[in-house]
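One structure is given below, encoded as structure tokens.
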Amino acid sequence: MSTITKAEAYLVDLEVETVRTDAVQAFLKQETIFVSLSTTDGLTGVGYSYTIGTGGTAVLALLRDHLLPRLVGKDARNVEELWSDLFWSTHATTVGAITSLALAAVDTALWDLRCLRASEPLWRLAGGYRQQVPLYDTEGGWLHLTTDELVAGALASQKAGWPGVKLKVGKPRVHEDVERLRAVRDAVGPAMDIMVDANQSMTYAEAKRRAAAFEPVDLTWFEEPLPADDVTGHVRLAESTSIPIAVGESLYSVSQFREYVAAGGAGIVQVDVARIGGITPWLKVAHLAETFNLEVCPHFLMELHVSLTAAVPNGRYVEHIPQLRAITRSEMAVFEGHAVAPDVPGLGIDWDQDAIDDRRVG
């Protein structure tokens with residue numbers, strides 16, 4: 001037995017490491033929700049999830065008031081059983097962002113315990129396909145940056161050996177987006193992947209028009225062009241363009257991904273481990289995508305996604321947006337344009353507990 005004896009949740013606010021803007025919002029701060037689980041075999045697992053500025057206290061309340069009390073006395077080894085029990089105990093609020101984020105904080109802590117108990121790193125215990133995954137940069141592509149700044153960022157990434165960069169789109173006029181994309185393509189040449197992200201800002205008609213204008217730039221994918229719940233619109237858009245359509249960061253259940261991939265609305269699957277409800281459902285989405293011959297390129301959380309993307313055979317890219325450096329003792333390793341999954345037991349994130357305690361909210 002590995003009985004859970006203590007379950008704790010707390011909230012930490014992290015300021016953004018740089019100004020981040022897209023077509024609909026700014027990333028104001030990261031509310032980081034932690035869960036710590038201690039067991040009778042002397043282990044403590046730490047998991048987490050996040051918001052980009054709002055809702056963190058709601059997630060914390062759900063954990064403290066409803067989810068964590070159900071865990072004490074349970075066997076931490078039974079990850080699927082515990083996930084299912086917590087999900088159904090809050091069924092009135094599922095499927096939804098608050099519940100999924102709360103489930104993710106618990107589930108990642110359970111997986112931390114599972115890996116610690118087995119003395120294995122997450123990338124191996126979750127599948128063990130390979131240890132290194134190609135890396136693309138988003139930090140140099142925010143919408144407020146000038147064209148010259150976009151070009152400089154892309155060239156810096158290329159010089160560092162990174163195979164891809166992502167640029168935000170959604171300027172008021174089509175020609176503004178096209179001119180920015182063309183300037184980057186001309187600077188980096190044909191060999192570098194360029195992705196674009198509209199952050200759900202467009203109508204179907206506008207997305208179709210912009211996709212046609214973007215096609216000569218040779219893009220790797222067109223991300224979240226439409227509202228995330230518009231499955232039909234994404235299917236129609238995918239049928240109208242040769243650019244792969246990427247979706248997933250704003251989907252909160254395995255069934256939502258099933259609807260997208262079955263209908264043909266997802267060319268790239270961007271499942272987010274926090275927003276889907278943890279590692280347990282993340283792996284189900286990744287394997288679902290594999291059955292449809294689709295690649296997984298998860299959203300954000302690079303420190304955790306590097307291990308998960310490395311674990312599965314259809315993991316293609318890790319997104320570079322560093323955000324945990326203020327509360328960790330080390331950074332994700334990068335080698336020749338690839339993110340390297342940590343080879344230590346557990347999730348592989350070297351938390352600085354003193355720094356975390358200094359930033360606790362409430």
Side-chain angles (χ1 to χ4, degrees), residues 1-12 32-50 59-60 62-87 89 101-128 131 273-274 277-283 301 303-308 310-311 324-333 340-362:
M1 290 283 286
S2 179
T3 305
I4 298 171
T5 58
K6 183 179 180 181
E8 180 187 14
Y10 49 92
L11 180 65
V12 169
T32 312
I33 304 99
F34 283 96
V35 163
S36 175
L37 302 176
S38 299
T39 60
T40 51
D41 47 1
L43 299 175
T44 297
V46 177
Y48 73 111
S49 64
Y50 76 99
V59 178
L60 188 64
L62 182 61
L63 284 163
R64 288 176 170 175
D65 295 345
H66 300 285
L67 300 186
L68 297 190
R70 298 183 70 88
L71 291 172
V72 176
K74 299 292 182 64
D75 192 333
R77 296 173 298 177
N78 301 337
V79 176
E80 285 278 3
E81 177 193 358
L82 295 178
W83 196 96
S84 181
D85 176 71
L86 296 183
F87 177 84
S89 74
L101 292 169
L103 289 171
V106 172
D107 190 68
T108 49
L110 289 170
W111 271 87
D112 194 30
L113 284 170
R114 171 182 276 186
C115 294
L116 291 171
R117 192 178 306 110
S119 296
E120 291 283 6
L122 176 60
W123 74 268
R124 182 172 288 120
L125 209 58
Q131 194 175 357
V273 69
I279 294 168
T280 299
W282 192 99
L283 289 170
L301 292 184
E303 298 86 357
L304 188 50
H305 281 138
V306 58
S307 296
L308 295 177
L324 294 181
R325 288 187 285 204
I327 56 172
T328 55
R329 298 187 189 91
S330 60
E331 296 184 35
M332 182 183 73
V340 182
D343 213 18
V344 298
L347 300 185
I349 301 175
D350 188 13
W351 300 111
D352 183 339
Q353 195 60 51
D354 289 338
I356 290 172
D357 290 341
D358 288 343
R359 291 167 172 80
R360 285 202 193 194
V361 176

Qualifying residue for side chain to side chain contact (heavy atoms under 4.5 Å, CB included) with Trp123, from Pro342, Ser307, Cys115: Ser307
Residue pair Thr280, Leu110: steps toward the side chain to side chain contact (heavy atoms under 4.5 Å, CB included) verdict: CA-CA 10 Å; Thr280 299; Leu110 289 170; over 6 Å; no
Pairwise distance CZ(Arg77) to CD1(Ile4) - rounded to 0.5 angstrom: 11.5 Å
Side-chain donor/acceptor of Asp75 to backbone N/O of Met1, under 3.5 Å: no
Distance (rounded to the nearest 0.5 Å) between Leu67 CG and Asp85 CG: 9.5 Å
For Leu37 against Ala7, the heavy-atom pair lying closest together: CD2-CB, 3.6 Å
Heavy-atom pair with the smallest gap, counting every atom of Val35 and Ala9: CG2-CB, 4.2 Å
Closest non-hydrogen atom pair, Asp350 against Ser330: CB-OG, 3.5 Å
Value rounded to 0.5 Å, distance of CH2 in Trp282 from CD1 in Ile279: 9.5 Å
Separation of Leu103 CG from Leu63 CG (nearest 0.5 Å): 8.0 Å
Residue pair Leu283 / Trp111, side-chain heavy-atom distance below 4.5 Å: yes
Side chain to side chain contact (heavy atoms under 4.5 Å, CB included) assessment of Leu324 paired with Tyr48: CA-CA 11 Å; Leu324 294 181; Tyr48 73 111; 3.9 Å; yes
Check: Ser84 side chain, Glu80 main-chain N or O, donor-acceptor pair, under 3.5 Å: no
From CG (Leu308) to NE2 (His305), nearest 0.5 Å: 6.0 Å
Test item: Thr5 side-chain N/O and Thr40 main-chain N/O as donor-acceptor pair under 3.5 Å: no
Closest heavy-atom pair and its distance - Thr108, Gly47: OG1-CA, 3.1 Å
Side-chain (Gln131) to main-chain (Ala341) donor-acceptor, under 3.5 angstrom: yes
Closest approach of Gly45 to Asp112 (non-hydrogen atoms, all atoms of both residues): CA-OD2, 3.4 Å
Residues Leu71, Leu86; criterion side chain to side chain contact (heavy atoms under 4.5 Å, CB included); working and verdict: CA-CA 9 Å; Leu71 291 172; Leu86 296 183; 4.1 Å; yes
Residue pair Glu331, Glu303: steps toward the side chain to side chain contact (heavy atoms under 4.5 Å, CB included) verdict: CA-CA 8 Å; Glu331 296 184 35; Glu303 298 86 357; over 6 Å; no
Inter-residue atom distance Ile356.CD1 - Leu11.CG, 0.5 Å rounding: 12.0 Å
Check: Arg329 main-chain N/O paired with Asp352 side-chain donor or acceptor under 3.5 Å: no
Over all atoms of both residues, closest heavy-atom pair of Ala76 and Leu82: CA-CD1, 4.1 Å
Geometric class of the Tyr10/Phe34 ring pair [parallel <30°, tilted 30-60°, perpendicular >60°]: parallel
Test item: Trp83 side-chain N/O and Gly277 main-chain N/O as donor-acceptor pair under 3.5 Å: yes
